[in-house]
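Ligands are counted one by one from 1 in listed order, and the atoms in each one are counted from 1 as well.
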Amino acid sequence: MAQHPTLRDVFAARKRISDGILKTPLVRSKRLSGVAGADVYLKLENRQETGSFKLRGATNILRSLTAVERETGVVAVSSGNHGRAVAHVGAAEGIEATVCISTRVPQVKVAAMQALGATVVVAGPTQDDADAAARQLVDDGLVFVHPFDDSRVIAGQGTIGLELLDDLPEVGTVVVPLSGGGLMAGIAVAIKSADRDIRIIGVSQDRGPAMYDSIRAGRLTDVIEEDTLADALAGGLGPENHHSFAMCSELIDEILLVSENEIAAAMAHLHSNEGETVEGGGAVGVAAVLAGKVAAPGPIAVVVSGGNVDPAVLAGAVEEQR
Ligand SMILES: *Cc1c(COP(=O)(O)O)cnc(C)c1O
């Protein structure tokens with residue numbers, strides 16, 4: 001069994017990536033603090049370069065490759081943000097990047113990857129189709145860059161946990177969007193290493209919550225992919241998992257699910273009241289707070305994980321809430 005990443009790996013990642021990423025702001029939300037009855041702070045990874053936290057893990061893994069691997073080039077499977085991050089780092093580091101996606105990936109994300117010079121392969125309607133296309137390219141020799149189940153990726157995402165501890169050392173609860181669990185595993189290992197009593201809450205969409213179902217079942221389960229506003233959270237954990245499932249099973253205190261309406265309300269709230277452009281997957285933590293589902297020790301830090309949303313989708317969510 002491969003070793004899971006530790007706090008030491010997260011510090012090493014911070015050192016490796018710090019000049020390639022933004023240290024994102026942590027801002028107090030007056031409205032959400034009122035709703036939760038405790039101070040609520042937003043960690044604004046929607047303002048991260050490339051529009052999501054995925055840049056952290058992608059930078060850490062690409063900067064960890066050997067000279068031969070850099071020369072060969074990389075392939076990623078992505079629901080959009082990971083691919084964009086890999087394309088960005090690839091362009092910056094002179095590493096050729098190919099991204100395999102399903103037809104579910106929004107056009108705004110496809111265009112961004114192509115603009116960065118990545119080769120985009122649209123494989124079919126499901127994440128499994130994208131996986132199969134990528135496997136073929138790995139067989140042909142490319143280096144696979146996993147979106148969540150890789151120690152280097154998890155350690156990179158974990159740098160958010162270090163920033164939270166820097167800016168809010170008294171934090172009582174951390175709320176994290178949850179899909180494959182790379183973001184969660186990295187943040188949770190950093191936070192729980194500092195203090196096991198800090199509560200860690202994951203939030204997923206109720207349409208196909210892969211990690212929630214798998215943790216409840218005690219094993220990896222298949223999900224049925226459905227359309228959701230939280231497109232960045234769609235998809236399963238895959239047939240095999242080395243790190244994120246075990247780490248999330250051990251480190252998460254609670255997983256909350258949110259509905260499409262709750263996600264839309266959170267996107268509208270973030271847009272209208274906080275002045276932030278946030279995609280559905282990035283807004284699920286705020287959705288859980290707004291819905292009164294987060295009752296835990298404060299201060300509460302909510303990770304807002306990404307901002308890459310089709311303007312028409314955001315406008316639709318805002319319109320719906322009027
Ligand atoms: C990828 C992604 C997530 C989920 O990250 P995992 O590591 O797969 O759990 C959450 N929000 C956004 C915006 C993402 O792009």
Side-chain angles (χ1 to χ4, degrees), residues 5 24 42-58 60-61 76-88 99 101 104-106 108-109 112-113 127 145-161 175-189 200-205 208-212 214-215 223 228-238 241 243-245 247-249 251-252 255 258 263 266-267 270 276-288 302-310 313-314:
T24 51
L42 302 176
K43 178 64 170 166
L44 296 175
E45 284 295 303
N46 57 309
R47 298 214 207 153
Q48 184 59 260
E49 210 158 333
T50 75
S52 86
F53 72 89
K54 293 276 194 337
L55 186 64
R56 296 172 184 264
N60 195 41
I61 184 169
V77 175
S78 177
S79 57
N81 288 336
H82 174 61
R84 181 165 174 179
V86 169
H88 175 95
V99 185
I101 60 172
R104 233 172 247 280
V105 174
V108 62
K109 294 181 176 175
M113 290 186 269
Q127 196 70 29
V145 180
H146 202 284
F148 55 84
D149 192 36
D150 182 288
S151 297
R152 297 159 292 185
V153 170
I154 291 170
Q157 322 305 29
T159 58
I160 293 170
V175 180
V176 184
L178 177 64
S179 176
L183 175 63
M184 170 57 94
I187 291 176
V189 79
I200 300 284
I201 298 179
V203 186
S204 298
Q205 77 289 7
M211 185 64 80
Y212 175 85
S214 295
I215 288 178
V223 292
T228 168
L229 278 171
D231 56 84
L233 306 186
L237 299 181
N241 186 286
H243 302 289
S244 68
F245 175 60
M247 293 177 74
C248 287
S249 300
L251 298 169
I252 296 174
I255 300 178
V258 290
I263 296 169
M267 292 168 75
L270 284 157
E276 297 295 330
T277 298
V278 179
E279 63 183 282
V284 294
V286 169
V302 182
V303 178
V304 175
S305 50
N308 294 320
V309 58
D310 267 319
V313 172
L314 179 56

Going by the atom numbers of ligand 1, which of them fall below 4.0 Å from some non-hydrogen atom of [X]?
{"X": "G182", "answer": "6 (P), 7 (O), 9 (O)"}
{"X": "G306", "answer": "13 (C)"}
{"X": "E279", "answer": "13 (C)"}

> Is the closest heavy atom of M184 to ligand 1 under 4.0 Å?
Replying inline: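 The answer is no, since M184 has no heavy atom less than 4.0 Å from ligand 1.
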> Can you tell which part of N81 has a heavy atom less than 4.0 Å from ligand 1: side chain, backbone, both or neither?
Replying inline: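 It is the side chain that gets close, since no backbone atom is under 4.0 Å.
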>> Could you go through V153 and N60, starting from their C-alpha distance and side-chain angles, then the distance that decides it, and tell me whether this counts as side chain to side chain contact (heavy atoms under 4.5 Å, CB included)?
In response: CA-CA 6 Å; V153 170; N60 195 41; over 6 Å; no
> Does the pair R47/E276 count as a salt bridge with the N-to-O cut at 4.0 Å?
Replying inline: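 Looking at R47 and E276, the cut-off is met.
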> In terms of side-chain geometry, is the basic nitrogen of K109 or D310 positioned less than 4.0 Å from the acidic oxygen of its partner?
Replying inline: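 No, no charged N to carboxylate O under 4.0 Å.
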>> Let's go through V77 and H146 carefully: what are the C-alpha distance in whole Å and the side-chain angles of both, what is the deciding distance for side chain to side chain contact (heavy atoms under 4.5 Å, CB included) to 0.1 Å, and is it a yes or a no?
In response: CA-CA 7 Å; V77 175; H146 202 284; over 6 Å; no
>> Evaluate I252 against M184 for side chain to side chain contact (heavy atoms under 4.5 Å, CB included), listing each step before the verdict.
In response: CA-CA 8 Å; I252 296 174; M184 170 57 94; 3.7 Å; yes
Identify the closest protein heavy atom to [atom]: which residue and atom is it, and at what distance?
{"atom": "atom 11 (N) of ligand 1", "answer": "S305 OG, 2.6 Å"}
{"atom": "atom 10 (C) of ligand 1", "answer": "L233 CD2, 3.2 Å"}
{"atom": "atom 8 (O) of ligand 1", "answer": "G180 N, 2.9 Å"}
{"atom": "atom 5 (O) of ligand 1", "answer": "F53 CZ, 3.5 Å"}
{"atom": "atom 1 (C) of ligand 1", "answer": "K54 NZ, 1.3 Å"}

>> side chain to side chain contact (heavy atoms under 4.5 Å, CB included) for N81 and E279? Distances and angles first, verdict last.
In response: CA-CA 11 Å; N81 288 336; E279 63 183 282; 3.0 Å; yes
>> Test your reading of the structure: does P177 have an N or O sitting under 3.5 Å from an N or O of ligand 1?
In response: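 Checking ligand 1 against P177, no N or O pair falls under 3.5 Å apart.
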> Do S179 and ligand 1 have an N or O pair less than 3.5 Å apart?
Replying inline: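 N/O-N/O distance under 3.5 Å: yes.
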> Out of G181, G235, S244, S78, whose heavy atom sits nearest atom 9 (O) of ligand 1?
Replying inline: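 Result: the heavy atom closest to atom 9 (O) of ligand 1 is in G181.
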> Just by modelled atom types, is the S244 backbone N or O under 3.5 Å from a matching donor or acceptor in the N241 side chain?
Replying inline: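 Yes, because the side chain of N241 sits within donor-acceptor range (under 3.5 Å) of the backbone of S244.
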> Distance-only, no hydrogens or angles: does the E45 side chain make a donor-acceptor pair with backbone N or O of G306 under 3.5 Å?
Replying inline: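 No, E45 side chain to G306 backbone: no donor-acceptor pair under 3.5 Å.
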>> Under a plain distance cut-off of 3.5 Å, with no hydrogens placed, do R56 and T159 share a side-chain donor-acceptor pair?
In response: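 Yes - a donor-acceptor pair under 3.5 Å links their side chains.
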